[in-house]
Protein chains: 2
Amino acid sequence: MGEPVSTPPMRSDASEAYRRYLSAVMLHGQASARACELGATDLYALNILRLSGALSPGELGGRAGLTTGPTTRLIDRLERAGYVRRVPDARDRRKVIVEPIGTPVDLDRVMAPARQKVGEILEGYTPEQLDVLFDYFDRAALAYREAAEELSAAGADTDG
Amino acid sequence: MGEPVSTPPMRSDASEAYRRYLSAVMLHGQASARACELGATDLYALNILRLSGALSPGELGGRAGLTTGPTTRLIDRLERAGYVRRVPDARDRRKVIVEPIGTPVDLDRVMAPARQKVGEILEGYTPEQLDVLFDYFDRAALAYREAAEELSAAGADTDG
DNA sequence: CATAATCTCTTCTCTTGAGAAGAGAAATCT
DNA sequence: AGATTTCTCTTCTCAAGAGAAGAGATTATG
């Protein structure tokens with residue numbers, strides 16, 4: 001997955017710190033998925049569904065960073081595992097709605113350690129400091145999305 | 001690849017913001033790789049080599065989040081593309097050293113937009129605020145690594 | 001209306017990652 | 001020294017993602 005190409009912020013070792021951080025997040029994602037006996041993408045998609053509720057395959061795949069082909073098979077796997085159900089959309093018969101209907105039994109147990117550790121870290125910050133963190137997450141997310149957009153647009157230009 | 005299972009911090013929409021952030025970072029990584037005509041993992045590995053210098057396959061694979069099998073083929077691809085060279089380690093003949101010997105021509109061009117945008121965001125913060133950010137990256141990285149460690153250890157327990 | 005253009009999902013083929021098994025080299029133990 | 005254990009990389013098989021192509025449904029246009 002897909003793995004991230006970090007864009008190093010400027011300080012001396014900042015880019016290393018940032019890279020280590022992203023790397024750790026992803027290694028944890030893989031370990032979590034393995035503990036749930038799922039692929040990392042499958043668990044990620046399940047998390048998206050838990051937070052956002054039912055989505056169409058297109059929406060789900062887009063948020064999970066998948067193209068449409070793999071998305072269909074992702075949903076196949078989740079459906080077979082009993083975590084998800086396909087429901088036809090009444091208003092647009094081209095569409096399907098993917099409803100979460102279950103959660104891996106040990107998901108909470110698996111997430112607990114990271115949740116607690118990160119929670120403790122965040123508790124150590126003042127509200128102002130937390131504002132800085134989440135302000136950064138917000139704006140950086142936008143920046144990366146825009147940058148990705150530019151790259152895709154530039155690539156589409158030069159394609160046949 | 002692998003995609004992250006975010007562990008939502010506590011605030012109301014914080015977990016959503018955090019998820020969007022990670023998602024954006026990864027989508028940008030994929031777009032960057034595509035723009036360089038490489039896989040996301042391949043470009044990530046190349047970045048690791050640029051920052052860390054020559055590494056053994058084991059080290060490289062570990063940092064890229066790959067197991068040893070795929071790592072060999074990753075290096076095969078990079079070698080075939082001319083970005084990397086395998087050199088035998090004189091002191092330990094089990095080992096190989098992977099040396100970066102080139103970089104995709106348009107890597108800088110590809111990275112420029114994100115680098116600039118993120119740079120602008122970071123310039124908007126005071127030194128104290130930047131300390132908060134990088135303090136978080138440091139500690140969160142450790143937290144996620146430890147949490148992943150616990151999961152792996154627990155999984156190894158219950159395995160045959 | 002009818003036709004064309006667009007959208008959404010699925011199917012197919014090829015590349016890439018995971019994990020098990022194995023070969024070769026080094027370290028450790030007796 | 002010889003045997004065992006450990007380490008590092010490679011090879012092999014199977015599952016998962018990328019992208020192209022296609023089927024079915026909706027919307028826009030003449």
N/O contacts under 3.5 Å, protein versus nucleotides 25-27 of chain C?
unit_1	atom_1	unit_2	atom_2	d
C/dA26	OP1	B/Arg93	N	3.2
C/dA26	OP1	B/Arg93	NE	3.3
C/dA26	OP2	B/Arg93	NH2	3.3

Report the distance from atom NZ of A/Lys95 to atom CD of A/Glu59, rounding to the nearest 0.5 Å.
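It comes to 8.5 Å.
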Considering only NZ, NE, NH1 and NH2 on the basic side and carboxylate oxygens on the acidic side, decide whether B/Glu16 and B/Arg20 come within less than 4.0 Å.
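Yes, B/Glu16 and B/Arg20 are salt-bridged.
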Exercise. Any salt bridge between B/Glu150 and A/Lys117, counting N to O under 4.0 Å?
Worked result: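 Salt bridge between B/Glu150 and A/Lys117, a charged N being under 4.0 Å from a carboxylate O: yes.
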Rounded to whole Å, how long is the line connecting atom [atom1] of [X] with atom [atom2] of [N]?
| X | N | atom1 | atom2 | result |
| --- | --- | --- | --- | --- |
| B/Lys95 | D/dT10 | NZ | P | 14 Å |
| B/Asp42 | C/dT16 | CG | C1' | 9 Å |
| A/Leu38 | D/dA16 | CG | C1' | 13 Å |
| B/Glu37 | C/dT16 | CD | P | 13 Å |
| A/Met26 | C/dG17 | CE | C1' | 13 Å |
| B/Gln30 | C/dG17 | CD | P | 12 Å |
| A/Asp89 | C/dC7 | CG | C1' | 13 Å |

Practice item. Would you please say whether a donor-acceptor pair under 3.5 Å links the side chains of A/Tyr83 and A/Asp42? Key: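 No, because no side-chain N or O of A/Tyr83 sits under 3.5 Å from a partner of the opposite role on A/Asp42.
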Review point. Taking atom types as modelled, is there a side-chain donor on A/Arg63 or A/Ser52 under 3.5 Å from an acceptor on the other?
Key: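 Yes.
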Select one nucleotide: of C/dA18, C/dC9, D/dA18, the one nearest the side-chain heavy atoms of A/Val96.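 For the A/Val96 side chain, the nearest candidate turns out to be C/dC9.
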- Report the nucleotide, chosen from D/dT8, D/dG17, C/dA18, that has the shortest atom-to-atom distance to any side-chain atom of B/Leu66.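 Shortest atom-to-atom distance from the side chain points to C/dA18.
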- Query: Given the rule that I, L, V, M, F, W and Y join up when any side-chain heavy atoms are under 4.5 Å apart, are A/Tyr21 and B/Leu130 in one cluster?
  - Reply: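 Shared cluster, yes.
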Worksheet item: For residues 73-87 of chain B, which residues have at least one heavy atom under 4.0 Å from DNA chain D?
Response: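 B/Arg86, in order of number.
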How would you list, by chain and number, every residue that makes a salt bridge (Lys or Arg N to Asp or Glu O under 4.0 Å) with B/Asp89, sequence neighbours excluded?
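Salt bridge (Lys or Arg N to Asp or Glu O under 4.0 Å) check on B/Asp89 returns nothing, list empty.
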- Task: Identify, between A/Thr67 and B/Glu59, the residue whose nearest nucleotide on DNA chain D lies closer to the 5' end.
- Result: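 The answer here is B/Glu59.
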If you assign each of A/Gly39 and B/Ile97 to its closest nucleotide in DNA chain D, which residue comes earlier from the 5' end?
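Its nearest nucleotide lies further toward 5', so the answer is B/Ile97.
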| query | Base, sugar-phosphate, or nothing: which does A/Thr71 touch, judged by heavy atoms less than 4.0 Å apart? | reply |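 Nothing, no nucleic acid heavy atom in range.
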Exercise for review: Pick base, sugar-phosphate or nothing for B/Gly58, based on heavy-atom distances below 4.0 Å to the nucleic acid.
Suggested key: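 It contacts sugar-phosphate atoms only.
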Q. Looking only at atom types and distance, does a side-chain atom of A/Tyr125 sit under 3.5 Å from a main-chain N or O of B/Tyr136, one as donor and one as acceptor?
A.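 The answer is yes, because a donor-acceptor pair under 3.5 Å joins these two groups.
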Handout entry: Derivation and outcome, salt bridge (charged side-chain N to carboxylate O under 4.0 Å, His left out), residues A/Arg85 and A/Glu79
Key = CA-CA 6 Å; A/Arg85 175 171 49 190; A/Glu79 197 169 37; over 6 Å; no
* Does A/Thr68 put a side-chain nitrogen or oxygen below 4.0 Å from OP1 or OP2 of C/dT10? ->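 Checking C/dT10 against A/Thr68, no side-chain N or O comes under 4.0 Å of OP1 or OP2.
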